[in-house]
Amino acid sequence: MNYYGVFGNPIAHSKSPLIHRLFAEQTGLQISYEPLLAPLDGFTAAVAEFFTQGSGANVTVPFKEQAFVLAEQLSERAQRAKAVNTLKKLADGRLLGDNTDGAGLVNDLLNNHVVLAGQKILILGAGGAVRGVLEPLLAQGPAEVCIVNRTVEKAEQLASEFADLGHMTAAGYDWIDTPVDIIINGTSASLSGDLPPLADSLIKAGDTVCYDMMYGKNTTVFNQWAQQQGAARTLDGLGMLVEQAAEAFYLWTGVRPNPTPVLQQLRAQL
Ligand code: ATR
């Protein structure tokens, strides 16, 4: 039996144990996957103890940056993200840090037949959530990724950090009003039911696709706004959650699960 789990604080409401148990059932692999509550000041010790037995772990809020520091080897996308959401114990005992969030987003968009290559993408927010997805997003070859943030300096900083990977620009909310192909909301505004101050004209009715990295039982405020402006489609972050888990499961086991039925089951239980 291989042992896996997800570190966080709080962690009781994490959907990851259910997702990974469903993947295990589907693929016929015998694994254990548990929620792992680490003390806020005791993440490193908790990781060390877990990996005396464990093969791999996911890491969620507030430990992704600490996991990045702790990992002894890093994937390219984790280096770029400066955050780790997946740890894997290597054959030599060292811990590999990876970040599957961006692959989760990209795979979910591609599953939904959203074309990324050659498109103009606005990404809202310049915090950890956005940093975490930029490398895989740019790898799809969009024409331009514009980071839009309330604090413009943070958007400019991120844009310059990733400029070697693609055409990156930065803007404040009141600088932009011409329609774009795709808008991705990576702000934490949805958490408090807030909507970033977006110009309605950013959406070309019947054409623009909107993606909220948040999800909930009800349509998020951002997606409600997008629907009111006639967005071609609105997607939420539940698919990204399942896809980032699938990517971690694959990294650990070498087996790629089918996320579709798992996503359907999670959606039904929201
Ligand atoms: P996370 O790790 O989830 O990305 P974060 O690093 O705290 O969290 O970043 C939150 C992001 O959401 C920031 O880009 C923040 O904008 P500022 O950098 O200007 O603070 C953005 N954000 C939060 N609430 C917002 C709101 N009500 N409207 C617009 N942007 C908001």
Side-chain angles (χ1 to χ4, degrees), residues 6-11 13-16 38 40 43 58-69 77-86 97-106 108 121-138 145-162 168-177 180 182-203 210-216 219-226 228-229 236-241 243-244:
V6 55
F7 284 101
N9 187 335
I11 199 63
H13 298 292
S14 170
K15 297 189 191 308
S16 292
L40 289 175
F43 176 66
N58 286 126
V59 181
T60 186
V61 181
F63 298 125
K64 288 184 186 182
E65 285 78 17
Q66 282 186 58
F68 170 76
V69 174
R77 57 195 184 184
Q79 274 176 41
R80 287 283 182 167
K82 296 202 169 109
V84 157
N85 81 334
T86 304
D98 195 2
N99 192 316
T100 65
D101 286 332
L105 171 68
V106 166
D108 192 38
I121 302 175
L122 284 190
I123 186 154
L124 315 178
V130 168
R131 174 187 286 281
V133 301
L134 283 175
E135 195 266 356
L137 202 59
L138 288 162
V145 173
C146 178
I147 301 185
V148 187
N149 200 40
R150 228 169 24 181
T151 316
V152 180
E153 295 74 29
K154 279 165 70 182
E156 285 168 342
Q157 166 64 31
L158 260 194
S160 70
E161 238 177 273
F162 285 83
M168 296 286 302
T169 56
Y173 285 101
D174 51 357
W175 305 6
I176 43 157
D177 54 10
V180 295
I182 299 166
I183 309 177
I184 298 169
N185 181 23
T187 70
S188 50
S190 296
L191 279 178
S192 44
D194 290 332
L195 182 67
L198 295 155
D200 294 346
S201 53
L202 288 171
I203 291 190
C210 289
Y211 193 103
D212 198 336
M213 282 163 61
M214 300 281 166
Y215 62 86
T219 308
T220 66
V221 281
F222 170 73
N223 279 345
Q224 281 175 32
W225 166 80
Q228 281 156 13
Q229 308 317 314
D236 75 10
L238 194 63
M240 174 177 171
L241 177 74
E243 284 290 347
Q244 65 74 32

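In this chain, numbering begins with 1 at the start of the sequence shown. Side-chain atoms are counted along with the backbone in the values below, which use heavy atoms only and exclude waters and symmetry mates. Whatever order the structure lists ligands and atoms in, that order sets their numbers, starting from 1.
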Evaluate the ring planes of F63 and F43, with Trp represented by its six-membered ring, and classify them as parallel (under 30°), tilted (30 to 60°) or perpendicular (over 60°).
parallel
Determine yes or no for a side-chain-to-main-chain donor-acceptor pair under 3.5 angstrom, with T187 supplying the side chain and G125 the backbone.
no
Would you check if S14 and T60 make a side-chain contact, meaning some heavy-atom pair closer than 4.5 Å?
no
Does the protein come close to atom 16 (O) of ligand 1 - that is, does one of its heavy atoms sit below 4.0 Å from that atom?
yes
Options M214, M213, E65, R150, ranked by nearest heavy atom to atom 24 (N) of ligand 1, top entry:
R150
Can you tell which of G125, P62, A155, S188 gets a heavy atom nearest to atom 12 (O) of ligand 1?
S188
Ligand 1 N/O within reach of T187 N/O, cut-off under 3.5 Å:
no
E65: what forms a salt bridge (charged side-chain N to carboxylate O under 4.0 Å, His left out) with it, not counting sequence neighbours?
none
Does the side-chain contact (heavy atoms from CB on, under 4.5 Å) test come out yes or no for L198 and L124, once each step is laid out?
CA-CA 10 Å; L198 295 155; L124 315 178; 3.9 Å; yes
Answer whether the closest heavy-atom distance between the side chains of T100 and R77 falls below 4.5 Å.
yes
Decide whether an N or O pair under 3.5 Å exists between A126 and ligand 1.
yes
Of all residues at least two apart in sequence or in a different chain, which pass the salt bridge (charged side-chain N to carboxylate O under 4.0 Å, His left out) check with D108?
none
Could you list the atoms of ligand 1 found under 4.0 angstrom from a heavy atom of G128?
1 (P), 2 (O), 4 (O), 6 (O)
List the closest protein heavy-atom neighbour of atom 19 (O) of ligand 1: residue, atom name, distance to the nearest 0.1 Å.
T151 OG1, 2.6 Å
Quiz question for you: does at least one protein heavy atom lie closer than 4.0 Å to atom 7 (O) of ligand 1?
no
Ligand 1 atoms nearer than 4.0 angstrom to some heavy atom of N149 are 13 (C), 14 (O), 15 (C), 16 (O), 17 (P), 18 (O), 19 (O)
Atom 5 (P) of ligand 1 sits nearest the protein heavy atom G127 CA, 4.0 Å
Heavy-atom distance under 4.5 Å between the side chains of L137 and I123, does that happen here?
yes
Could you list the atoms of ligand 1 found under 4.0 angstrom from a heavy atom of K154?
17 (P), 18 (O)
Taking distance alone, with no angle check, do A129 and ligand 1 share an N/O pair under 3.5 Å?
yes
Flag for Q157-E161: side-chain donor and acceptor within less than 3.5 Å:
yes
What atoms of ligand 1 come within less than 4.0 Å of a heavy atom belonging to D194?
27 (N)
